[in-house]
*Asks:* 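Questions regarding the structure given below will be posed in turn.
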Amino acid sequence: MEDEFAIQSFKPTLSANLAFQRKLLPIFKYRESLLYAIETFQVTLLHGHTGCGKTTQLPQYLYETGWTKEGKIIGCTQPRRLVARSVASRVSEELKTEVGKTCGYKIQFEHNVSSETKIEYMTDGSLLKEILTDPLLERYSVIMIDEVHERTVNIDLLLGILKRILLKRPDLRVILASASANIQKLNNFFYEQDKINTNIISVEGKLYPVDVMYLENPTENYVNTAVETVLNINSSYPSGDILVFLTDRREVDECVKRIEAFSVTTPEDLPMLVPLPLYSGLTMDEQLRVFDIYEQRFRKVIFCTNIAEASVTIDGIVYVIDSGLCKLRIFNPYSRISKLIRVPISKSNAIQRTGRAGRTNPGKCFRLFPKNVYDSLKDESDAEISHTDMLPVVLFLKSIGLRNINQFPFFVPPPTVHIIAALEDLYFLGAIDDYSNLTDPTGFQMVELPLDARLSKALLSSATYDCTYAMLNIVSVVMAGDVFYRPARNHHEATACHATFITEEGDILTCLNVLESFLVRKKDMKWCKTNFLNYNTLNHASEIRRHILPYLQRFRISPERRLTDTGSSKIIECLLQGFFRNVAHLQDDGSYKTISGSPVWIDQKSTMNNKNIPWIMFTSMVEYEGRAFINGITKIESKWLEKFYNRKK
DNA sequence: CTCTCCCT
């Protein structure tokens, strides 16, 4: 084993103290210099490793020093809802108050804040939404953006927006916290470009040392090598759980199966391997199994996707095996098709994955690629804004009054073709007019609705088609995701159960059927289980539904409007108002072509597979290995389309 | 003929 890997030492920083006392967190030593920097400079760039305490401590330091004395509050954003909520409860514990008093949180579907709240944790999306009603964010004296290195679209948007606000509000303080050392670009963005004073502070983390090992030669099959490495660790390394980074659920399931098969024949003297899958498609119960504690004679092996890189943290991992790859969704602005591709991770991702081994013990990381491959990796992954659909971004920027999208101070500007595609789509959806201004009311209402723009358009059109009640349920369930649960073990049984919900019109009305049954049965979890329905998705759909209702009231669209006849054609015609571009026509050879001429294939999971319907509408399209697969299929009649396109002209 | 991960 040792021979296969060239040994390299990794980050020897070590803080042996595990006490939870606030003063023992690494950030405490920097308390005064941080407070001085925030007092003096408009922007503080905080480079802090995982576990340094920046997220829980810094807002408290600011609160203790009086940054909330003049009625303003301290805001701290997180990319994930769960973290915003749990950090607020941790800080409340430290403050010896209930959540929602001095410290609270605000995330979609849930907020726990009051007039006494001084420290608010929120999702970055939630802060962006606030810009619509408080353009200068005047409630805040300090805003901290956490996990800036993740460079999601929301974070990039906030960077630009905060820069605009800082130029108008010299009293505002901004803290940008990043786990990446590459902070100089942020400094240039604020100081070199606009002379906004910045200061950089670096805080070391609380990680145990992790030895990093590389393969001498590249592997031809990283899945095989991952399994072999697991078996080698089990036979030659001391006890400790293993975390294996792969790219998708198929690889994860395969590895779990192979280790299961091996476990039956484990020699008596070796720990028994317990393989566990971890990816977002699992139910909550299945995901929680990775936290189970086993007796000494067992060894957990968790096969995971990117979910464990930042979103799920498991203590007790001693060994990390890193494939060096992940899956990425890339949007094509010409075809509007997204594709999922397997790409090499960045150095920063590799370091983050390695750190998953050093949380509670010193660890080892086995990189399934040679050192020279590591050296050739990019320092950072490309920002999401460079390869994703810009429609929601452009819609948002229009709503804050940007006539020309180029006026926005992007940290990294998205490609022009992406902007043009988004403008074109928004125009045809009726969200912007001939002068590229947001339309009233459609455009303004679309900005407010927390839905995909096409679904928003369909919902806003529903009053005209007398189907708001149905459309409210449809947009909720389509946003929520796949309602059918298809376990590999009892696939036939599941298919038989699902058949009872299927409508001849297609997937969308089938999903509507499922959601309405779910609501009639008062969200019965047991009923979901016996019918192989995804409880999480349906519950999420019902939350979205509840969340959207007040918007409809405000827009004076009555949700009670429902069709008196049993015909579903009005509903589908209404859906077409949003999805008129997502139409495909059956060809003589049984394949489909979209109206723009691209060949597409109906997803195997669709209830409309092999039905040979001449004209169909779809709600999603993903490319895989050169083929575009469509899902959310609904039967349409060509005459609706003719009517629609004629009217559009 | 398969589906990284979040979020308003």
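Reminder, nothing fancy here: chain letters follow the sequence lines and each chain counts from 1.
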*Asks:* Separation of A/L128 atom CG from B/dC7 atom C1', in whole Å?
*Replies:*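 Computing the A/L128:CG to B/dC7:C1' distance gives 10 Å.
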*Asks:* Find the distance A/N349:CG to B/dC5:C1' and express it as a whole number of Å.
*Replies:*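 Those two atoms, CG and C1', are 12 Å apart.
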*Asks:* Answer with base, sugar-phosphate or nothing: what part of the nucleic acid does A/L340 contact at a heavy-atom distance below 4.0 Å?
*Replies:*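 Base contact.
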*Asks:* Whole Å only: how far is the CZ atom of A/F109 from the P atom of B/dC6?
*Replies:*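 From A/F109 CZ to B/dC6 P: 15 Å.
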*Asks:* If the plane angle is over 60° it's perpendicular, under 30° parallel, otherwise tilted; pick one for A/H540 and A/F109.
*Replies:*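 Taking A/F109 first and then A/H540, their aromatic rings stand perpendicular (interplane angle over 60°).
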*Asks:* Let me spell it out: for each of A/T305 and A/I602, pick the nucleotide of DNA chain B with the closest heavy atom. Which residue's pick is nearer the 5' end?
*Replies:*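 Between the two, 5'-proximity favours A/I602.
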*Asks:* Mind calculating the distance between CD1 (A/I155) and C1' (B/dC5) to the nearest angstrom?
*Replies:*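 Interatomic distance, CD1 of A/I155 to C1' of B/dC5: 13 Å.
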*Asks:* Using the test ring pair (Phe, Tyr, Trp, His ring centres under 6.0 Å), find all partners of A/F410 that sit at least two apart in sequence or belong to another chain.
*Replies:*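 Per chain and number, A/F410 pairs via ring pair (Phe, Tyr, Trp, His ring centres under 6.0 Å) with A/F408.
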*Asks:* Using 30° and 60° as the class boundaries, would you call the ring planes of A/F629 and A/W601 parallel, tilted or perpendicular?
*Replies:*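 The arrangement is tilted - the two ring planes meet at 30° to 60°.
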*Asks:* Taking the minimum atom-to-atom distance to the side chain of A/R80, which one of B/dT8, B/dC6, B/dC1 wins?
*Replies:*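 Within the option list, the nearest is B/dC6.
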*Asks:* Is the phosphate of B/dT8, meaning OP1 or OP2, less than 4.0 Å from a side-chain N or O of A/Q108?
*Replies:*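 Affirmative; the distance criterion is met.
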*Asks:* Using whole Å, report how far CZ of A/R151 lies from P of B/dC5.
*Replies:*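 These atoms are roughly 22 Å apart.
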*Asks:* What contact category does A/M479 fall into here, base, sugar-phosphate, or nothing, at under 4.0 angstrom with non-hydrogen atoms?
*Replies:*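 Base, at least one base heavy atom under 4.0 Å.
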*Asks:* Go through B/dC1, B/dT8, B/dT4 for me and flag the one nearest to the A/R81 side chain.
*Replies:*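 It is B/dT8.
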*Asks:* Starting the side chain at C-beta, find the nucleotide from B/dT4, B/dC5, B/dT8 nearest to A/K327.
*Replies:*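 In terms of side-chain proximity for A/K327, the closest of B/dT4, B/dC5, B/dT8 is B/dT4.
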*Asks:* Remember a base hit wins even if backbone is also touched, and classify A/F396 as base, sugar-phosphate or nothing at under 4.0 Å, heavy atoms.
*Replies:*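 No contact.
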*Asks:* Of all residues at least two apart in sequence or in a different chain, which pass the side-chain contact (heavy atoms from CB on, under 4.5 Å) check with A/N221?
*Replies:*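 Applying side-chain contact (heavy atoms from CB on, under 4.5 Å) to A/N221 gives A/V223, A/N224.
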*Asks:* Do A/T354 and A/R367 meet the criterion of a side-chain donor-acceptor pair at a distance under 3.5 Å?
*Replies:*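 Yes, because at least one side-chain N or O of A/T354 sits under 3.5 Å from a partner of the opposite role on A/R367.
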*Asks:* Expressed in angstrom and rounded to an integer, what is the separation of A/Y222 atom OH from B/dT4 atom C1'?
*Replies:*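 After rounding, the gap between these two atoms is 11 Å.
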*Asks:* Of A/L82 and A/R250, whose closest DNA chain B nucleotide lies nearer the 5' terminus?
*Replies:*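 Nearest nucleotide further toward 5': that of A/R250.
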*Asks:* Give the rounded distance in Å between these two atoms: CD of A/E110 and P of B/dC7.
*Replies:*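 The answer, rounded to whole Å, is 12 Å.
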*Asks:* What pairs with A/S381 under side-chain contact (heavy atoms from CB on, under 4.5 Å), at least two apart in sequence or on another chain?
*Replies:*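 Only A/S346, A/N349 meet the side-chain contact (heavy atoms from CB on, under 4.5 Å) criterion with A/S381.
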*Asks:* Side chain of A/S280, heavy atoms from C-beta onward: which of B/dT8, B/dC6, B/dC1 has the nearest atom to it?
*Replies:*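 Among B/dT8, B/dC6, B/dC1, the one nearest the side chain of A/S280 is B/dC6.
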*Asks:* Please tell me if A/T152 has a side-chain N or O lying less than 4.0 Å from either OP1 or OP2 of B/dC6.
*Replies:*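 Looking at the OP1 and OP2 atoms of B/dC6, neither is under 4.0 Å from any side-chain N or O of A/T152.
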*Asks:* Please collect all salt bridge (charged side-chain N to carboxylate O under 4.0 Å, His left out) contacts where either partner lies in residues 305-314 of chain A, sequence neighbours excluded, each pair once.
*Replies:*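 Output for this query lists A/E309-A/R353.
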*Asks:* Rounded to whole angstroms, how far apart are CG on A/D382 and P on B/dT4?
*Replies:*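 Going from A/D382 (CG) to B/dT4 (P), I get 20 Å.
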*Asks:* What residues, two or more places apart in sequence or in another chain, satisfy side-chain contact (heavy atoms from CB on, under 4.5 Å) together with A/S280?
*Replies:*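 Once residues adjacent in sequence are excluded, the partners of A/S280 under the side-chain contact (heavy atoms from CB on, under 4.5 Å) criterion are A/I307.
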*Asks:* Among the candidates B/dC1, B/dT8, B/dT4, find the nucleotide nearest to the side-chain atoms of A/R249.
*Replies:*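 Among the listed nucleotides, the one closest to the side chain of A/R249 is B/dT4.
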*Asks:* When you get a sec, tell me which of B/dT8, B/dT4, B/dC6 is the closest nucleotide to the side chain of A/S311?
*Replies:*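 Nearest to the side-chain atoms of A/S311, counting from C-beta on, is B/dC6.
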*Asks:* Identify which nucleotide among B/dC7, B/dC1, B/dC6 has an atom closest to any side-chain atom of A/F629, counting heavy atoms from C-beta outward.
*Replies:*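 The answer is B/dC1.
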*Asks:* Hey, does A/N154 reach any base, or is it just sugar-phosphate, or nothing, if we go heavy atoms under 4.0 Å?
*Replies:*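 No contact at all - A/N154 keeps every heavy atom at 4.0 Å or more from the nucleic acid.
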*Asks:* Is DNA chain B part of any stem, that is, at least 3 consecutive Watson-Crick or G-U pairs with both distances under 3.5 Å, and where?
*Replies:*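 The stems: there are none.
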